[in-house]
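Letters A, B, ... mirror the listed sequences (proteins, then strands); counts begin at 1.
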Number of protein chains: 2
Amino acid sequence: MSETPPSLLGLTTYLLSKTGKAARSRLAARLAERDLRLWHMAVLSALVDFGPHVQRELAARLGIDRSDMVKIVDDLAVAGLVDRARDTIDRRRVTVTPTRAGRAMLADLQAEALAVQQELLAPLTSPEQAQLAALLRRVHAHVHEGPEEPRSGR
Amino acid sequence: MSETPPSLLGLTTYLLSKTGKAARSRLAARLAERDLRLWHMAVLSALVDFGPHVQRELAARLGIDRSDMVKIVDDLAVAGLVDRARDTIDRRRVTVTPTRAGRAMLADLQAEALAVQQELLAPLTSPEQAQLAALLRRVHAHVHEGPEEPRSGR
DNA sequence: CCCAATGATGGGTCTTCACCTACTAACTGG
DNA sequence: CCAGTTAGTAGGTGAAGACCCATCATTGGG
């Protein structure tokens, strides 16, 4: 009765879009419990993986506008998850560093992400989950390097 | 330099979210060239797959609000892709039927979706693409039956 | 010492999206 | 034939996202 049209289920594009949306919204819901959004997690990940960044580098790495990065970093700073420090040699720059609380929070968020993942991929066996991850990783790498369309007109 | 943090790449949740977003936005861009959006395609698919629907059934099947469905059907009707007809025995109901142009358009859109799919999944071999589709189909079926959280608060 | 470039901000706009309400026309059961 | 319910419709709301610009402090080159 409430079946999805088979025409759509035959399109991988559609499946990716739908399951992706489910993944995003479920993870976002978990983050929201801690008053965080996906970008907050992305920023924390970048800081922990690659070490302290100047704000501008952070924005460039994650591909978002630097004025938006300001707000994200601000949220994280207020929550005590990162430290913002003026660079002593170039006082225009602000170096962002993860705090201990920030690292702990990231570990927490990663656990949540894994929980969502288990919930989402429940019907797949472990090797299948790994295979899905491997395939997606390759697709992601391909998509990420050749974004094709910077932004469709507004 | 603009690498994505490995912590994120290790999370299937993240990969799904990202590739899903890429799939959605690319397909949406193709549809936009015809002044259509994803829901328009979904409605056409439902009509062609399952035959004419009363508007309310359409909304229920696709899981969207009936007031939003009104606008989608209206767009399609204006574009000549569907016919709206008052039910003769219950004149409150409006039966929506795909026109010949609507069917042709859907075929067109499906071709576009396949093109996007080829572009997106280029790094994968054919059997790998099939495998990805099969895995995603199972995940989608699972996600779709147990939505868990109807809607997180607003 | 001045000027152009740079980094961080704050502010604002413009969409999209999901949801929700109220209203009208029409049907149905008592 | 009246009351309550249902279908479609119009409209509004609020959040989220991506984008863009003006401002201000700072720096570095000439």
Rounded interatomic separation in angstrom, taking [atom1] from [X] and [atom2] from [N]:
X     : N      : atom1 : atom2 : answer
A:D75 : D:dG17 : CG    : P     : 12 Å
A:L62 : D:dA18 : CG    : P     : 12 Å
A:M69 : C:dT9  : CE    : C1'   : 14 Å
B:L38 : C:dC17 : CG    : P     : 8 Å
B:R24 : C:dC17 : CZ    : C1'   : 11 Å
A:R56 : C:dA5  : CZ    : P     : 14 Å
B:I72 : D:dA10 : CD1   : P     : 14 Å
B:R66 : C:dC23 : CZ    : C1'   : 12 Å

Discussion item. If you assign B:I64 and A:R86 each to the DNA chain C nucleotide with the nearest heavy atom, which residue ends up on the more 5' nucleotide?
Written reply: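 Of the two residues, A:R86 wins.
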Practice prompt. Check side-chain hydrogen bond (donor to acceptor under 3.5 Å, both in side chains) between A:T125 and all other residues, then give those that pass, not counting sequence neighbours.
Written response: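 Only A:E128 meet the side-chain hydrogen bond (donor to acceptor under 3.5 Å, both in side chains) criterion with A:T125.
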Practice prompt. Using the test side-chain hydrogen bond (donor to acceptor under 3.5 Å, both in side chains), find all partners of B:T99 that sit at least two apart in sequence or belong to another chain.
Written response: none
Fill in: Pair A:D68 + A:K71: basic N to acidic O under 4.0 Å
yes
Item to complete: For A:D68 and for B:R84, find the nucleotide of DNA chain D with the closest heavy atom, then tell me which residue's nucleotide is more 5'.
Response: B:R84
Practice prompt. Select from A:W39 and B:S67 the residue whose nearest nucleotide in DNA chain D is closer to the 5' end of that strand.
Written response: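 Checking each residue's closest nucleotide, the 5'-ward one belongs to B:S67.
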Practice prompt. For the side chain of A:K21, starting at C-beta, report the closest nucleotide among C:dC17, D:dG11, D:dC20.
Written response: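 Closest nucleotide to the A:K21 side chain: C:dC17.
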Discussion item. Side chain of B:V54, heavy atoms from C-beta onward: which of D:dA18, D:dA10, D:dG8 has the nearest atom to it?
Written reply: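 From the listed options, D:dG8 comes nearest.
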Item to complete: Measure the CE-OH distance between A:M41 and B:Y14 for me, rounded to the nearest 0.5 Å.
Response: 10.0 Å
Worksheet item: Applying the 4.5 Å side-chain criterion to the ILVMFWY set and letting contacts propagate, would A:L76 and A:V70 be lumped into a single cluster?
Response: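 No; tracing contacts between hydrophobic side chains, which count when under 4.5 Å, never links both residues.
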Practice prompt. Report which part of the nucleic acid B:R37 touches: base, sugar-phosphate, or nothing (heavy-atom distance under 4.0 Å, all strands).
Written response: sugar-phosphate
Item to complete: For A:T13 and B:A113, indicate whether the former's side chain and the latter's backbone hold a donor-acceptor pair under 3.5 Å.
Response: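 Side chain of A:T13 to backbone of B:A113: a pair is present.
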Worksheet item: Would you say A:Q117's side chain and B:T12's backbone share a donor-acceptor pair under 3.5 angstrom?
Response: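 Judged by distance alone, yes, a pair lies under 3.5 Å.
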Item to complete: Can you sort out which residues in residues 89-99 of chain A have a heavy atom within less than 4.0 Å of DNA chain C? Ascending by number, please.
Response: A:R92, A:R93, A:V94
Worksheet item: Is any N or O donor-acceptor pair between the side chain of A:K71 and the base of C:dG11 shorter than 3.5 Å?
Response: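 Check passes, donor-acceptor contact within cut-off.
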